[in-house]
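All values derive from a computational prediction rather than experimental measurement. To find a chain, count down the sequence lines: A is the first, B the second, and so on, and within it residues start at 1.
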Number of protein chains: 2
Amino acid sequence: MAKAVISLEDAVKKSPRKWVYLFTEGNAKMRDLLGGKGSGVAEMTNAGLPVPMGFTITTEACNEYYRDGKSFPKGMWQQTLAALHIVEEQMNKKLGDKENPLLVSVRSGAKFSMPGMMDTVLNLGLNDESVQGLIAQSGDERFAYDAYRRFVQMFSKIVLDVDPKLFEEQLDKAREKAHVKTDAELSADTLKELVGTFKKISQKASGVVFPSEPQEQLQKAIEAVFSSWNNDRAIAYRNAQKIPHDLGTAVNVQSMVFGNMGWDSGTGVAFTRDPNIGDKEIYAEYLPNAQGEDVVAGIRTPLKIESLKKEMPQVYEQFVQIARRMETHYRDMQDLEFTVEKGRLFMLQTRSGKRTAAAAVKIAVDMAQEGLITKEEAVMRVEPNHVIQLLMPQFDPAAKKQAVTDGRYLAKGLNASPGASYGKAIFDADTAAEVGKTQKVVLVRPETSPDDVHGMLTSTGILTARGGATSHAAVVARGFGLPCVAGCEAIRVDEEAKTLTVIATGEVLREYDDISIDGTTGEVFKGIISVKDANYEDQADLQVILSWADDIRRMQVWANADNPHDAEKAAFFGAQGIGLCRTEHMFFDPARLPIVQKMILSDTVEERQKALDELLPFQREDFIGLFKAMRNPKTGEAFPVVIRLLDPPLHEFLPKYEELLVEITRMEDTDKNNPELPAKKHMLAAVEHMREMNPMLGLRGCRLGLTFPEINVMQTNAILQAAIAVEAEGIHAKPKIMIPLVGHVNELAEVKRQLQNAADAVVASSGKTIEYKFGTMIELPRAAITAGQIAEVAEFFSFGTNDLTQTTFGFSRDDAEGKFLLRYVDGLPKLDAHGGNVLDANGKPETVKIFKTNPFQSIDREGVGYLVDLACKQGRAVKSDLELGVCGEHGGDPDSIMFFETTGLNYVSCSPFRVPVARLSAAQATIVANQKTAEKDK
Amino acid sequence: MAKAVISLEDAVKKSPRKWVYLFTEGNAKMRDLLGGKGSGVAEMTNAGLPVPMGFTITTEACNEYYRDGKSFPKGMWQQTLAALHIVEEQMNKKLGDKENPLLVSVRSGAKFSMPGMMDTVLNLGLNDESVQGLIAQSGDERFAYDAYRRFVQMFSKIVLDVDPKLFEEQLDKAREKAHVKTDAELSADTLKELVGTFKKISQKASGVVFPSEPQEQLQKAIEAVFSSWNNDRAIAYRNAQKIPHDLGTAVNVQSMVFGNMGWDSGTGVAFTRDPNIGDKEIYAEYLPNAQGEDVVAGIRTPLKIESLKKEMPQVYEQFVQIARRMETHYRDMQDLEFTVEKGRLFMLQTRSGKRTAAAAVKIAVDMAQEGLITKEEAVMRVEPNHVIQLLMPQFDPAAKKQAVTDGRYLAKGLNASPGASYGKAIFDADTAAEVGKTQKVVLVRPETSPDDVHGMLTSTGILTARGGATSHAAVVARGFGLPCVAGCEAIRVDEEAKTLTVIATGEVLREYDDISIDGTTGEVFKGIISVKDANYEDQADLQVILSWADDIRRMQVWANADNPHDAEKAAFFGAQGIGLCRTEHMFFDPARLPIVQKMILSDTVEERQKALDELLPFQREDFIGLFKAMRNPKTGEAFPVVIRLLDPPLHEFLPKYEELLVEITRMEDTDKNNPELPAKKHMLAAVEHMREMNPMLGLRGCRLGLTFPEINVMQTNAILQAAIAVEAEGIHAKPKIMIPLVGHVNELAEVKRQLQNAADAVVASSGKTIEYKFGTMIELPRAAITAGQIAEVAEFFSFGTNDLTQTTFGFSRDDAEGKFLLRYVDGLPKLDAHGGNVLDANGKPETVKIFKTNPFQSIDREGVGYLVDLACKQGRAVKSDLELGVCGEHGGDPDSIMFFETTGLNYVSCSPFRVPVARLSAAQATIVANQKTAEKDK
């Protein structure tokens, strides 16, 4: 190897291109050339961080390496040696030196992160001479030989392709011989001996002598990283992730520093703000004379950062300055790793720190108020899930701490639906439904199915042993806002015995034992942990973020509410209107159901009209309550209220066919003279006449209105009478009458014609002015396709994306989720030609995911989204001011809201509880849309 | 009025424009200027027909009239008088002359036919003087005064806007006074008196003296026609028909001729070929000394044309010449009206004549073979319905004639589904289902509902008293190819008494009485009329037309066939492949159903596999039969066969839930120890587990395949084993395996991956080469929308437009047709604000049609058609040779076939019986498409 080192500048001049960049020469924008890791560490260096010195060999060099038939491009090695020389001088160490040796790490680093392909060699530069220097420096022979044997192991595996098992076997033997359990207990002598053994094994397996010359080590390591770009794993990964194969990888060579070089050395981790509550103070831990892995391994308990302040005040001061600078530089709370080597501070990593929901909101608000970030950035920093978490009940922190102390922690599963709760452990849905009426219940199941839903509804929380984040339990729980821990594989649930067993400890809970679960974290505890309700009023920071979101967002947020109580809740959470009032829910009220049934079973129009006349005052009162509740809390101004006319098939209001059938059969068999029998039979005949093969695709929505116009007319009268009634109290209600399930413009035109007549008559006779509109749901593919025609008649569209998803995919949610949909999302077992499972490299059955997400949760952009977009465009082409909204469950889903922004909807409408999330998501959608527009305009 | 008449040429020179065209000056292409009627009569004149002479005032004159503030444009009146003068000379008569008076008709005639707006004044030119001339000419005073009083009536109504009721009252009085029942019985004196009375009434009501001066009559009549263009009726009609308002109307002035001017006068109608059987001979009737209305009124029986030949041989010869010339000129069989006035022949009208199905086919073939029309034109001349009629059974003509003679004709209803049949009259579906097993049955119902379908299926014909061409009975009957007379309002059906009563005569038929119906004509007879089966082989002309159609059409015609028998029928009718074999129909075979049930109820994959192994040989035999049957009858070459994998939900193969429920309840109540009870309960539990809320939207199609892959694998094995088996007999079968109900490309990709593995294994082990493909149904909106992605995986698409219609509209056919769909097509009663019926001008309830046609019969182009077109475009964009077809019922519907041609499908597939219709329709679609392309290229 050449000994004469020329300067990097000269080396570059003699090469066709600059192949090597010192960390001081790069920055974050050079990702293509230096890779993600190289450009990141360059950015840190240039931000003034004391980063262990090093350099990056470019991706271009890697590509040239392949083009040249796997040889280093011209001048690259010279540039490498020149850069190495600069590092040696800066670090005041020398590669392979027997007194003051420089050790380096060699790491791959492509443009895109490719975990599993990142080969790393640490402690490069060690040999029998330089190890003596490391002993001298650290004063720790054991540490030095441990570093040496690790290097031989890693180098052999990665560079020389030696099976790592061969070394593990030797370690096993050494521990056995020394009668110890861990490698950490092996003596310096043993480790020294192992270094020799390892070298022999390496030579035997690879056929080459283990290189002791440090520059040869470096050269081979760089080659190995280049080669790793095209190993099978890497190619497969890039194929799967659709990463191009011609990007190449960079190679990072960085000097190693050690925190265990004596009591003037140490290592630590720090957050620039408190990641739990968000307070603006450094939150850090420090361990003197230790390496990072000692902190991670938890062998020694880290000290507060104050110990560093006491021992090395200048280092501490430098660190605090750096931490502040980093936060300003990266404009976010940072998670820092640092090492002190002989009184010299090195920063190893800085990245945006993970934080709790509460901290995320507080940090975002604080930073915006400090002027560090804009309000838009603050809004983008809070995740929609954070908002959901902050509004869910949580364990009382003190009570939870006590439970941990008492050893009541049992296991951890998937955090499937946020919020905490406690109750009696119940193992079947029927009992849960019964007990849940009077006591708090947590339903514990191996997994849930549609048959369990009645028991889920009466529980305060759900715990399952199997199933993922899209399992039935998870989906239903999120739908109902119930805390849920799913797929908790650390426990076994025995349905028959009604027991829960913690597999690791054998601990058993039985029916009626108290249990507590935290769906936000996935934790499960024995006994009761008291729960604190989330209080929206008290969360000032959250309110600030949401008020900023309100200022930013283009789309309004409305709520789905069927009664005054829900409407009040919606207004409280900031809804700007009611996007969907389902009038049928009012029909199920026990006081009204008999009248509704009388109406349905009428043989004549006159009888039906009589029953409808009885229903009208009830409906009018419902709407009066709704109009009163739905006002701007600040100004008192009325918000718009969209009222959907009766939608479900009428047989939903009648007794179930099967139940009647059994009842009548039984009466005929055993109680033939029961005077109720004829009436029952009459009812059965009616139900039989009305029942449908596929009720979802039957006589409902506007089809019902066209068949029994008098029901629609009654509802329209009630709506307008209610609006007139509240007008007397100074409330200018804005009813929007929504006609459901329109598939053809003629349906809408005829229903509207009938009702407009009726409405005009009511309003005219009152002498008042009421601002009311007629519009329609777009919830059938045909309505979306012919939206241009429909817009000629409708004054507004509301997308019913639940039904639109059902008809576009051709599956009903009731049938699909239980039967196949969740398996589509979780993945089906991949079968071979003989029906056997196809196994992956680890011998586990491979699965095939049919859907990435459940289309009932997040809108299917390619199919359903296409129709929504088409309908928006066609509708607006005909009526440029056509009001567009969505009232399906997607209206409260952040990913779907992001999509709706792109279609130009005026508002999203969701359940009252989801309104805060939707406010945030809508703002984020606006910001993203504006960014895209700005990028396009460039 | 000016008396000095200048020539038309000079009059035109003095005007800004030529406003008036003699009939000899126009032709068929001048429709814009002369209107439909004016250009038509000009064409007739120039084709050499002796048309009563006249002229047309142009639409431009009408428009100018309005621009000038309702006054005749400059020079128009002079041109009119000049033209009139020419007519007078040609006709050798004079307007208002007391010896030889010319009478004229004045008619409006716009570019597009506007029935209900066409005001006509006949006999213009009559006054107290000229009526004497008419008496002299006709020798019939009564005729002359009748013509005079009619003229006064018409002129008063149309020109002077007098209420016609005023005249009717006088006629009533006159009849009363004369003690006669009809106007025809009024004497000449009475009529003469009425002329005077009418004039007085007219003057009183209109405030002007009735004009006696003929030129004034003419001027006012022309003005009235111009004015009628903008009356309310006309404007409303144009709005409804989307006819522009600025076209204007022309005015036609034509001399009147009379066939009742003595025995050298007469009137007749003629067809240039026999409209019943198509023979090439003139088919005409003639009535001497009569007017056209005498023929229509049926007062006198017309004579054969031979009587004209005998009385006036030159006139007859001239007529025959003209008839031949007209057929050649118009290139179609003509329906002619003519009048002879004093030995002079005048042709009043010629138009393409109506004809029977048999005549239509024969005439088309003959004319093409005569060289009169092209084969393309011949194919266009035959209506699809003609083909259907010719393939349905028909009454033996002799037997039908006898039945009429015997007075067994009962009534006439709508010809709802073609074909004739007879049987026992049965009044309920249950009895029909029972009796129909052993005897011929005609089901007679007030109307039918889905509950009647089982009884309809076992009947030979259906008769209903209510319902239109889209009523349940009509739709179902057409679907099953059953003759049906619907909406026969001349009869009353009493369900309870089981009787049919002919309302007019009171005649009653009872249960089991014989009855015969003809669904082609709508006729109903008492007793049996023997029926002749249509015989495709014997219909040489039909075969010629279809062979021409085969030469012309671009799309292939395939058939839906589930078994070898249907496949043979399909090949016989000319199908070129099987577009859909529904394998589930094979599962319902009684020998197999128990195995299928065993398969479904298996608890383990092993048990299921065992049952599937039992089913495989059955399926293989099915497919062997299919492959053998589906060959080109001429070449023996194998046609392609598309086999759809199992599609319906598995619970369809199990007993009905409700029936099991009742059975078990009954056993528990009365027969607790029945040893079958546990098995029944086990079955109930299985059915309960599998039943679905909306089975159409449940676990079926490829979802089933993904859930139970072993079923698909068995079917694939059976298909390929069958193909290998027939290969040994020299048949190179071309199986196309179709995966149903795909909504997402991943579903198709995974099923295909599984089956391709299985198929390859079977083929490889046989050592043979089998040409097989995998494709999919496009029957869900999402599949159509994402067809580009799906085409990456599929080798062919087959549009399942039945399901696609159901999901696009969001209604299931089962539920919709009975509950609301047919009412959508028939029209819903239009309601006012108070729920009452809105009445039309005649006091009848108005109806509102929601759909023009039933979308299950003819494809909904705007909605479902949009998706088909989108999918074709996207699919072909990805794979330019992607094979596209349709296998829904629309594949046999002429209107839908016209649409499919525009989307570029490769084939349509329909029931075997529909294949001939589809062959014709596909050819017509190609011709129309070529015409459109040619027009565009111009």
- Item | Closest non-hydrogen atom pair between Val762(A) and Leu720(A), with its separation | CG1-CB, 4.0 Å
- Task: Between chain B and each of Arg813(A), Met690(A), Lys830(A), Gln609(A), count heavy-atom pairs under 4.5 Å; write down the option with the most.
- Result: Lys830(A)
- Measure Thr786(B) against the heavy atoms of chain A and call it side chain, backbone, both or neither at under 4.5 Å. side chain
- Query: With only heavy atoms counted, which part of Ile785(B) is less than 4.5 Å from chain A, the side chain, the backbone, both or neither?
  - Reply: side chain
- Is it the backbone or the side chain of Ile850(B) that comes under 4.5 Å from a heavy atom of chain A, or both, or neither? both
- Message: Heavy-atom pairs under 4.5 Å with chain A: which of Leu780(B), Val605(B), Thr665(B), Leu661(B) has the most?
- Response: Thr665(B)
- Is the shortest side-chain N to carboxylate O distance from Arg753(B) to Glu750(B) below 4.0 Å? yes
- Message: Let me confirm one number: the CE-NZ distance from Met667(A) to Lys680(A), rounded to the nearest 0.5 Å.
- Response: 5.5 Å
- Can any side-chain N or O of Asp815(B) pair as donor or acceptor with the backbone N or O of Asn694(A) at less than 3.5 Å? yes
- Item | Choice from Pro709(A), Gly698(A), Pro695(A) maximising heavy atom contacts with chain B below 4.5 Å | Pro695(A)
- With Phe809(A) as partner, the option from Phe820(A), Tyr824(A), Phe851(A) fulfilling ring pair (Phe, Tyr, Trp, His ring centres under 6.0 Å) is Phe851(A)
- Message: Salt bridge or not between Glu663(B) and Arg666(B)? Use side-chain N to carboxylate O under 4.0 Å.
- Response: no
- Look at Glu668(B) together with Lys681(B) and state whether they make a salt bridge at an N to O cut-off of under 4.0 Å. yes
- Query: Between Glu658(B) and Arg691(A), does at least one N-O distance fall below 4.0 Å, as a salt bridge requires?
  - Reply: yes
- Tell me, for Glu862(B) versus chain A, whether the close heavy atoms (under 4.5 Å) come from the side chain, the backbone, both or neither. both
- For Asp760(A), is it the side chain, the backbone, both, or neither that has a heavy atom closer than 4.5 Å to a heavy atom of chain B? neither
- Query: Quick one: of Asp814(A), Leu755(A), Leu741(A), Ile664(A), who has the most non-hydrogen atom pairs under 4.5 Å with chain B?
  - Reply: Asp814(A)
- Item | Region of Gln789(B) in contact with chain A, defined by heavy-atom distances below 4.5 Å | side chain
- Message: Under 4.5 Å from any heavy atom of chain A, what part of Arg823(B) do you find: side chain, backbone, both or neither?
- Response: side chain
- Is a salt bridge present between Asp803(B) and Arg700(B), judged by a nitrogen-to-oxygen distance below 4.0 Å? yes
- Side chain, backbone, both or neither: which part of Thr670(B) has a non-hydrogen atom closer than 4.5 Å to chain A? side chain
- Let me know if Val662(B) has heavy atoms under 4.5 Å from chain A in its side chain, its backbone, both or neither. both
- Query: Among Leu706(A), Leu821(A), Val745(A), which has the most heavy-atom pairs under 4.5 Å with chain B?
  - Reply: Leu706(A)
- Message: At a heavy-atom distance under 4.5 Å, which candidate from Asn746(A), Val864(A), Leu828(A), Leu704(A) has the highest pair count against chain B?
- Response: Asn746(A)
- Region of Phe811(B) in contact with chain A, defined by heavy-atom distances below 4.5 Å: both
- Query: Under the 3.5 angstrom rule, does the side chain of Gln754(B) hit a backbone N or O of Leu831(A) as a donor-acceptor pair?
  - Reply: no
